[in-house]
Amino acid sequence: MGDLALVPASRLRTGVDELDRVLGGGLVPGSLVLIAGEPGIGKSTLVLQALAGIAAAHRALLVTGEESLAQVHARGVRVAADTDGVAILAESNLERVVEAITTHEPDVCVIDSIQTLVSEAAEGAVGSVSQIRQATGDLLRLAKERDTVIVLVGHVTKDGGLAGPRMLEHMVDCVITFEGEEMRAHRVLRATKNRFGSINETGVLEMRPDGLVSVEDPTGLFLAEVGERVGSCVFPVIQGSRAMLVEIQALVGPTEVVPPRRVAVGVDRTRLAQVIAVLSRHAGLRLGDQDVFVSVAGGARAIDPAADLAMALAIASAHRGTPLAAGSAAFGEIGLTGGVRPTGHWGRRLGAIGAHGLTLAVAPRMASESAEPPPAGVEISSVGDIAQALEVACPR
Ligand SMILES: Nc1ncnc2c1ncn2[C@@H]1O[C@H](COP(=O)(O)OP(=O)(O)O)[C@@H](O)[C@H]1O
Ligand SMILES: [Mg+2]
């Protein structure tokens, strides 16, 4: 293919560990990166902290079209970021921004935000498709020509769409989303596109009054409200190099519409439909006239075939009105015949379960030669099919 972009390049570490992790080890010279998130999530804080880290060893430039220099400096003081080495420019004219990059020759330049740039060469108002296309195109060329990293901050609307066109995502090398819930302090970074690394990694940060702090061990972070509750099942999800415990919740109730609702938040819709079909056919659960809602608590995600069993148990628990056994977690892929199949990362999933003090893992049968011993304190309940799993974890 001759894709030179895949030749490993020396990466620039930002010092924000969770951002570096999601990027695949740091920023790749000459790349164009989009950091997208809702207003107020912490994008400006993240890029300022990252630039302060970059500036320790490289040339860093921040172009702000949204805030005054005084506002940027005030944030720098609040989050105790050493911004002395960061050149800061309050500018929204694209031509002047390009000129500044050309003269300043930064190794890393952040544009906060791409939606504020206006070009004399493009039609349309600030933030319009034509303006964003012009600015992104010019900055892409500049990044490649000069081997400069250019990071674009992009606003996302409440419904999750990028304010501005999809084409922005196609033009850049990496898309990093920054998400969180207003009521909770933690924020999650994910790469939804990465020409230079995996898209499975997740970065977790905590928003504190003095800035964003990387969360080194987020294993149990999403389990804040865990307990013995109807319709709840803990699942150890693998995200890149990490295993995290998440809580899969289900709500089941008589429907008023035909066909009944199947709503999936944070889990795969198709797999949910399949799990429901298998529960009906192979475990005798009558769900044909029931709405089924399944979601992952705390805004976490469990897009992983091994989530099948946890989804099934959460649904069964909700349907039967009985909580699962205390201290239990479940993982395993469910086949269309009702069999529970082994999944990857057996040891890491059990490790996360044990690390959090849970005591029972409902899991697929493993060939004895490949099964590692479980961590101390964790009992494994091996199940071969869905009916057996229900018997063990959610008896009638
Ligand atoms: N003085 C403050 N004390 C504590 N947290 C603050 C303060 N000011 C802002 N924040 C936090 O920073 C967030 C805004 O961060 P910011 O980086 O400006 O977001 P964005 O650029 O994505 O709009 C707020 O939602 C709040 O959580
Ligand atoms: Mg901002």
Side-chain angles (χ1 to χ4, degrees), residues 4-36 42-67 69 72-73 75-91 94 96-114 117 135-136 138-154 171-176 178 189 191 193-197 201 203 205 211-214:
L4 290 175
L6 294 178
V7 174
S10 59
R11 293 175 182 260
L12 309 181
R13 297 188 68 90
T14 68
V16 178
D17 292 342
E18 296 299 284
L19 177 60
D20 289 336
R21 166 203 296 281
V22 169
L23 286 165
L27 293 158
V28 173
S31 64
L32 186 64
V33 177
L34 172 67
I35 297 183
K43 299 180 297 298
S44 299
T45 310
L46 178 70
V47 293
L48 188 64
Q49 290 183 222
L51 281 177
I54 290 285
H58 304 277
R59 293 172 67 80
L61 171 66
L62 172 63
V63 175
T64 172
E66 308 217 323
E67 293 171 333
L69 295 182
V72 174
H73 283 296
R75 180 184 288 108
V77 170
R78 176 167 63 82
V79 305
D82 183 2
T83 54
D84 289 352
V86 182
I88 304 173
L89 174 70
E91 182 61 71
L94 176 64
R96 284 200 287 272
V97 169
V98 169
E99 198 185 300
I101 294 172
T102 312
T103 43
H104 185 81
E105 298 187 318
D107 296 299
V108 179
C109 171
V110 174
I111 313 284
D112 188 3
S113 68
I114 184 68
L117 289 186
T136 308
D138 285 6
L139 292 169
L140 176 66
R141 223 169 301 123
L142 201 61
K144 304 295 164 196
E145 276 169 18
R146 310 189 69 89
D147 213 23
T148 295
V149 181
I150 300 185
V151 178
L152 309 176
V153 170
M171 292 172 84
V172 301
D173 298 304
C174 305
V175 179
I176 309 287
F178 198 26
L189 284 169
K193 170 179 180 180
N194 192 351
R195 273 193 191 139
F196 314 108
E201 289 290 348
L205 297 140
L212 290 159
V213 180
S214 291

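Quick note: residue numbers are just sequence positions, from 1.
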What is the distance from atom [atom1] of [X] to atom [atom2] of [Y], rounded to the nearest 0.5 Å?
{"X": "Leu32", "Y": "Ile114", "atom1": "CG", "atom2": "CD1", "answer": "8.0 Å"}
{"X": "Arg11", "Y": "Leu23", "atom1": "CZ", "atom2": "CG", "answer": "7.5 Å"}
{"X": "Glu99", "Y": "Glu91", "atom1": "CD", "atom2": "CD", "answer": "9.5 Å"}
{"X": "Leu94", "Y": "Thr136", "atom1": "CG", "atom2": "OG1", "answer": "9.0 Å"}
{"X": "Leu12", "Y": "His58", "atom1": "CG", "atom2": "NE2", "answer": "4.5 Å"}

Nearest heavy atoms of [X] and [Y], plus distance in Å:
{"X": "Ile54", "Y": "Arg59", "answer": "CG2-O, 4.4 Å"}
{"X": "Ser214", "Y": "Leu205", "answer": "OG-CD2, 3.6 Å"}
{"X": "Cys174", "Y": "Asn194", "answer": "SG-OD1, 3.2 Å"}
{"X": "Val149", "Y": "Pro29", "answer": "CG2-CA, 3.8 Å"}
{"X": "His104", "Y": "Ala87", "answer": "CE1-CB, 3.3 Å"}
{"X": "Thr45", "Y": "Gly211", "answer": "CG2-CA, 4.3 Å"}

> Is a salt bridge present between Glu18 and Arg21, judged by a nitrogen-to-oxygen distance below 4.0 Å?
Replying inline: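 Arg21 and Glu18: salt-bridged.
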Are [X] and [Y] side-chain neighbours, meaning at least one heavy-atom pair lies under 4.5 Å?
{"X": "Leu27", "Y": "Val151", "answer": "yes"}
{"X": "His73", "Y": "Val77", "answer": "no"}
{"X": "Val153", "Y": "Leu46", "answer": "no"}
{"X": "Ser31", "Y": "Arg195", "answer": "no"}

> Is there a donor-acceptor contact under 3.5 Å linking the side chains of Asp112 and Thr64?
Replying inline: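 There is no such pair (donor and acceptor under 3.5 Å, judged by atom type) between the side chains of Asp112 and Thr64.
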>> side chain to side chain contact (heavy atoms under 4.5 Å, CB included) for Leu142 and Thr102? Distances and angles first, verdict last.
In response: CA-CA 8 Å; Leu142 201 61; Thr102 312; 4.3 Å; yes
>> Testing Leu89, Asp138, Leu139 one by one against Ile101 for a side-chain contact (heavy atoms from CB on, under 4.5 Å), which residue passes?
In response: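 Considering Leu89, Asp138, Leu139, a side-chain contact (heavy atoms from CB on, under 4.5 Å) with Ile101 is found only for Leu139.
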> Does Arg13 use its side chain to pair, donor to acceptor, with the backbone of Asp20 at less than 3.5 Å?
Replying inline: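 Looks like no, no N/O pair under 3.5 Å.
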> Counting distance only, does the side-chain N/O of Thr14 pair as donor-acceptor with the main-chain N or O of Val16 below 3.5 Å?
Replying inline: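 Judged by distance alone, yes, a pair lies under 3.5 Å.
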> Does any pair with a residue in residues 144-154 pass side-chain hydrogen bond (donor to acceptor under 3.5 Å, both in side chains), and if so which ones, sequence neighbours excluded?
Replying inline: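 The answer is Glu105-Arg146, Lys144-Asp173.
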> Thr83 and Leu51: side chain to side chain contact (heavy atoms under 4.5 Å, CB included), yes or no, with the steps?
Replying inline: CA-CA 8 Å; Thr83 54; Leu51 281 177; over 6 Å; no
